[in-house]
Structures are given as C-alpha cells and as structure tokens.
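These numbers come from a predicted model, not from an experiment. Numbers here simply count residues along the sequence, with the first being 1.
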Amino acid sequence: MKTTARWLVIFLAALAAIPTAHGQKAARIGYVYPAGGRQGTTFEVTIGGQGLTGANEVHFSGRGIQATVISHERPLTPKETELMRQKIAQLEEESRNYTSTSAKEKSGGMSDEIAALKDKIAFFGNGRPFNVAIAENVTLRVTMAPDATLGDQEIRIGTPGALSNPLLFQVGQLPEFSHPPARGSLKAEITARPRRYGKREIKDDGKEQSEAIALPVVLNGQILAGQVDHFRFKAKRGQRVVAAASARKLIPYLPDAVPGWFQAIIAIRDSKGRELAYADEFRSNPDPVLTYEIPKDGEYVIEIRDSIYRGREDFVYRITVGELPFISGTFPLGGAVGSQCTVLLRGWNLPVAAISLDLKKARPGVMPLVVARGQTVSNFIPFAVDTLKEVLESEPNNSASEAQKITLPVVVNGRIGQPGDVDVFRFEGHAGDEVVAEIFARRLASPLDSTLTLTDSDGKQIAFNDDNEDKGAGLTTHHADSRLDAKLPADGAYFLHVADAQHAGGPEHSYRLRVSAPRPDFELRIVPSSIGGRAGTSVPLTVHALRRDGFVGPISIALKDAPEGFKLGGSIAGDKDQAKVTLTLPQDLEEPAKLDLEGRATIAGGEVTHRAVPAEDMQQAFAYHHLVPAKELMVAVAGHFSKSGQVKTASELPVKIPIGGSALVKIAAAIGEKAGALQIELIDPPAGIAVKRISTSPDGAEIELQSEAGKVIAGEKGSLILQAFAMRKNQSGKMRRIPLGPLPTITFEVVAQ
C-alpha cells in the first residue's frame, strides 16, 4: 500500500462502526439574552447560535439556577422553503374550489394554515439574511432560587453528546427591565407586530416602557444596526447615580466585527433630550461607566448605542443604574501572604473609605475585592497576593538623587500621583546578577500605562520596556504593563524608573512593581472548556503553557480526582508552549462531568503543581486570538460503550524511537462487520517525527514511526495525535470524509541508537 507521512488509508472496522456526532456542526452559542436575571424570579431567555438541534439540557456554573428548553428554531433550507411554497400553492388552489358553507369553514382553516406557513417562510426562509453563527434560536424558561449564587456565572447548552461553549450569565439582586428580544421565537415575532425593531427614539419610549422606571434597576437590551435605545427613570435631587454598562464583558470577542466587540456608549439626558453626562469607556475598560449627581427631582433618560451605529442580535447589554456602590480604584493593589492589609478605596457611594483584609490564609494569585452598602454589593475589583516582602513607595523619589532604596527581592506598591510623575528606586547589584522587574497595574484595573527603565549609576540605560504581552490576560487587548529582565554588567548601584507612557497620573494610577531574581514558573490553559463525544472514544485537547521568567522545563499533564473511566496523559516538552493530548471518555456517563487537570514540573529541585485553567480560544476581528478563561471544564458523553468500537494502543508507551531509526506501535481494534476505508491524518507532528508505514491485520493496525537524524535529539519527548476520517458516499454518490475523532494519544521518546 502506498503511504505518505501525513495521509494514510487503512481499514479499521472498529472506528468505522463507531456512531459519531461529528457529522453535525459542533454546538456553539453566540449570545444569551437577557444575559442574566434577579434572584427569586422566573423569566424567558433567548439564545442564538448554531448546531443546537436537539438542545435538551442547560448547565449553569452556579447553584440555584434551573432552566428548561421551550423551543428550538432554525433557518429553513432552500429545499424546505420550496416545499412549503408548494404546499401553500396547493392549499390556495383547494381553497378557491370550495363553495358550500361547510367547505368555506374548511377553507377558513386552510387560510390559517397558509398564513402560518407564510409566517414561517418570512421568518426562517432562505431569502432572509442570517448571520450563520447565531442563526438558530433556543428559547429557555429560567428559574432562579432566592439564594442562587450571586455574580458572574456561565451557561452552556447541551445537545445529545455535545456541550456548547460557555457564555457569561449574571445573577443579581436588583429589579430588571428588558426590551423584547431583537429576534425571538416565531410566536414572539408575530405577537410583536406591527411594531418593528428599528431605531427607538425618546418619543417612542411609551411603546417600549409604559412608565418611568424606579431606581435601582438593571436594564437589558440588544442593539441592531443604527439603533439607539432609551430608558426613562425617576431620580431625586442629590442622588449620585452610577450607570455601569456590561457589553464587551458579556461577549468578550466577536470574530467578524471591528474592533472585535460591541463598543457601547451611554449617556444621561434630561426629559427634553439634552445630554447631561456621557461615557464611551471606563479608563482602559471598553465598557462605559458614568456617574452623575441629579440636579432636581424628575424623569431622566439613559441612552445606549454602538460607537459607530453598528448592531446585530449579539450586541447584548446590561446596564446597572442607581445610587449604587462602585469601586473605581484601590491602594495598594495587593498584599503579602500572611499579612493584615489595609486597602484604601476610591469610588462612588462607598460605605467606607478603607477596608482591612486578613491575608493570613490567602494563597498567591489574584482574588476579588468587593464591599457592600446595606444589602447591595459593589462591583468586583482584582487584588493581588504574593509571597515576597512588600513596601510602599515613598515620595519624593522623582530622580536618581532622590531614589528610594529597596532591597531585593521585593514588591513595591506605588502610584504615579500626578501627570509627569516618575518614581525612581535604587538597589545594589553584582556583576552577572539576573534581575527581573515587572509592573502589575493594567491587569489589576489600574489606568496606568507604564514604562520601565533600568539605568546604572552613571545614568546609562541598561534595559527598557513599555508594553509586555501576557497571554494569560485573555481579556486584555492593550498589554500596557511593563516587564524587563537584564544581566547586570558590574557591581554597583542600579536605578529603576517607573513612569506613565501617556504622561498621565493621579490617585488611581496605582501599580505593583516586582523586582527580584527570575522566579521560573508556569501557568496552564486547556482548550476547549466544553467537550463532547461518544462513550469509549477519545477527543482532542490543546494545553497551552504560559512560561514565566525563563522556565523551560517539561510539564507533565494529568487528571486530578476524575470520575472513573476518564483517562488522559501527556506532557509539554521543555522547548514547547503547547501540546495536543487526547481525553479518553468513560464507557457510561449519564450526566455531564466537571474535570480538573493539573500540570507538574520540577523547578529548582522541587515539584511544582498548577491547575490547568479551562479556556476558550476566541477570535477577535478576523485575525487575533485570545485565551479567555472559563470557570469549568465540562464533558458530556453520548451513547454507551460498544466492544465493536474499542480502539486502544497495545504497545508500551512512551514508544522509544531511536535517532535516525524507527519503532512500531500496535493499535488493537475489535473488527466488526461494518468495515470501511478510513483516512488517518497525523495532526501537527513535531519536527523530525513522521509515520513511515501503516499495515493492517484482523486485530487492528501497526504504525511504524521514524525520526530524522539532525532534527531530533536524545531525550526529546512528545505526543502524537492521529485523526481518523471515514470515507462514505453521499446522496449524489460522491465520497465524503466524515470525522470520527482521534486515536488515543501516542506518547514517544527519542533515544540514542
């Protein structure tokens, strides 16, 4: 049999016999509307997506939320549309031929059927433009318990053997007001006639909103092209109203829109339409927040639109409006493990000016900070926790002659207090010392756009950095935090200069400056965060390694406390930033399971373990990709295990491949009667590793792997993913390639001859 390194045709009856869900599109949801609700209420939710046929389950990450699927609707195919038109023509012809009274009554029933068919064609027919990614609609009835978990949760839709990607779903305490969905079910569309969802002017508010809304409230809506939404509300003189919009937060990235999200603009107007306050962002956050002190009792209007009047069903927003507590900044931005830390607060309607945090049992990382005013909680703001010694910046320190002395390793909590301010820190170093200096500001909700400069005692620049990309900050598009590393050329004094690249400054331009020797470490992201497949088969995952401070060691990956039947193993080589692994699904799993993965590595002689954070690889504006963290890694399994579908690696792993030589891997498969030609594709093989030959037998297949001398080194390790495709004829008789999923991961190690 003629083979190539990338395409191989074999006969593995077991794989061909496996029933698969891969023939249909993967379940994806593009928007949820409304994207949240109030504790203790029941309401309807519309979800737009694709591949949602058979949607029968809804999963939330928080407790106390239940939902049932009411309906699923999708666009008609051209063939379905034509058949409906033929049916309409037939009914109309029959109706014209009725003359008797009973026949006329029957004709009236036909008229109803004709009208229903015409409505369906108008709403779902192929002549109506749809965005494919959000063309299907699922309507849910959601019930929230009075004690449902507050805050940001996630929602997923389940179809047979599949789970959709997660989207944000917020649980709040405030009353909610929602416009009707921009495109709901066919029933909702007919009910809404004759009103259409065009531009909503202030004068039309009476049609949307019979009376002014009392504060506080959460406002929900969707913006279509050219649309401006308005909401009337009552307020009293002296109230400090906060209006905080969530738009980009709800759907972080749109793959087919520039700049890649719904860029909301909000304004407050008086009853005559005059603009009183306006916001198009909140510092570096694209979602706007404005505050306004009400000058007199009366009615006011909140207005929201897209910055350039774009719009679509997935331009979803939530605006929280009221005299609510809102934290705009903190100082310091973090504290040390084991300490008692006092944090100063800035913002609006806050109950206190400072809070005390007990960090004695805290773990390193980032935790949410929140305050409550009565029963109402504020927004969440990030607060960093580290193990290093911490000090506060001390003014004056604007030049080398006034530089603040620090002893490494240390975290300095400071702020650029006014425009043009520069903070300078002095430390003693030795020739050959490696020093890392890193700013944490924008990643901790500070508006600072930092720069870092390292100079010697003569003022000579050793290193400089403005922006450093952190792939772990998946929601950041302007990586404004600075980081530099340098090897010191001589013994003596060195100076670190911290400034704002825009020459801005103020009380909220806070930062944390970490200065130390390199601290090698890593984080992991695992993609996707929702997995579905058939019982007993394997599904592919990608694990990304975010290496810190020069760490280059291998990272092993394994399941942690997984339910019985799940299997996963693999590693990321020391010179790689990602690896593909396969997760073998159990033989039976009645309910979707939540999994945890962890990575282990040896650093400085000790074992370091980190959880792999689930994430979605989201595309922004046609080109850019971001790893957006998710709360949970969820797996759904369809069907039951069949021995006719059992495929496994019979050879001992990892396979030892000699440099310049080859090694055999045996694949065991139970042969059934439905044998069929399959294609096998080697997915992203590492450099120097290839498939030389495949042979088949009644018991399965034998794969010969080879390595190319000069492209591999002894000790190199990795994983191979082989993807299987069935070759089947479609209705027209042409051969189609149907994906069947990957074989279990084949791990290998290169050894000397």
Hey, does Leu524 have a side-chain heavy atom less than 4.5 Å from the side chain of Ile572? yes

Qualifying residue, where the test is ring-ring contact (aromatic ring centres under 6.0 Å, His included) with Phe315 and the options are Phe262, Tyr31, Tyr33: Phe262

Could you tell me the separation between the OG atom of Ser510 and the CZ atom of Phe440, rounded to the nearest 0.5 Å? 15.0 Å

Return the CZ to CG distance between Phe495 and Asn397, rounded to the nearest 0.5 Å. 12.0 Å

Tell me the closest heavy-atom pair linking Ile155 and Ile29, and the distance in Å. O-CD1, 3.8 Å

Could you note down all residue pairs passing ring pair (Phe, Tyr, Trp, His ring centres under 6.0 Å) where residues 462-485 supplies at least one of them, sequence neighbours left out? none

Under a 4.0 Å threshold between the charged nitrogen and the carboxylate oxygen, would [Y] count as salt-bridged to [X]?
X	Y	answer
Asp470	Arg548	yes
Lys249	Asp287	no
Asp549	Arg483	yes
Glu632	Lys594	yes
Arg269	Glu303	yes
Asp314	Arg312	yes
Asp577	Lys471	no

Take Gln502 and Asp449 through the test side chain to side chain donor-acceptor pair (under 3.5 Å) and record every step on the way to the result. CA-CA 7 Å; Gln502 310 301 323; Asp449 182 0; 3.0 Å; yes

Given Ile251, Leu250, Val316, the one that forms side-chain contact (heavy atoms from CB on, under 4.5 Å) with Leu168: Leu250

For Phe169, give me all partners under ring-ring contact (aromatic ring centres under 6.0 Å, His included), at least two apart in sequence or on another chain. Phe60

Count the heavy atoms belonging to other residues, nucleotides or ligands that lie under 6.0 Å from NE2 of His625, then report whether that count exceeds 12. yes

If we ignore hydrogens and angles and just use 3.5 Å, is the side chain of Ser482 paired with the main-chain N or O of Ser450 as donor and acceptor? yes

Is the charged tip of Arg248 near the ring of Tyr253: under 6.0 Å from the six-membered ring centre and within 45° of its axis? yes

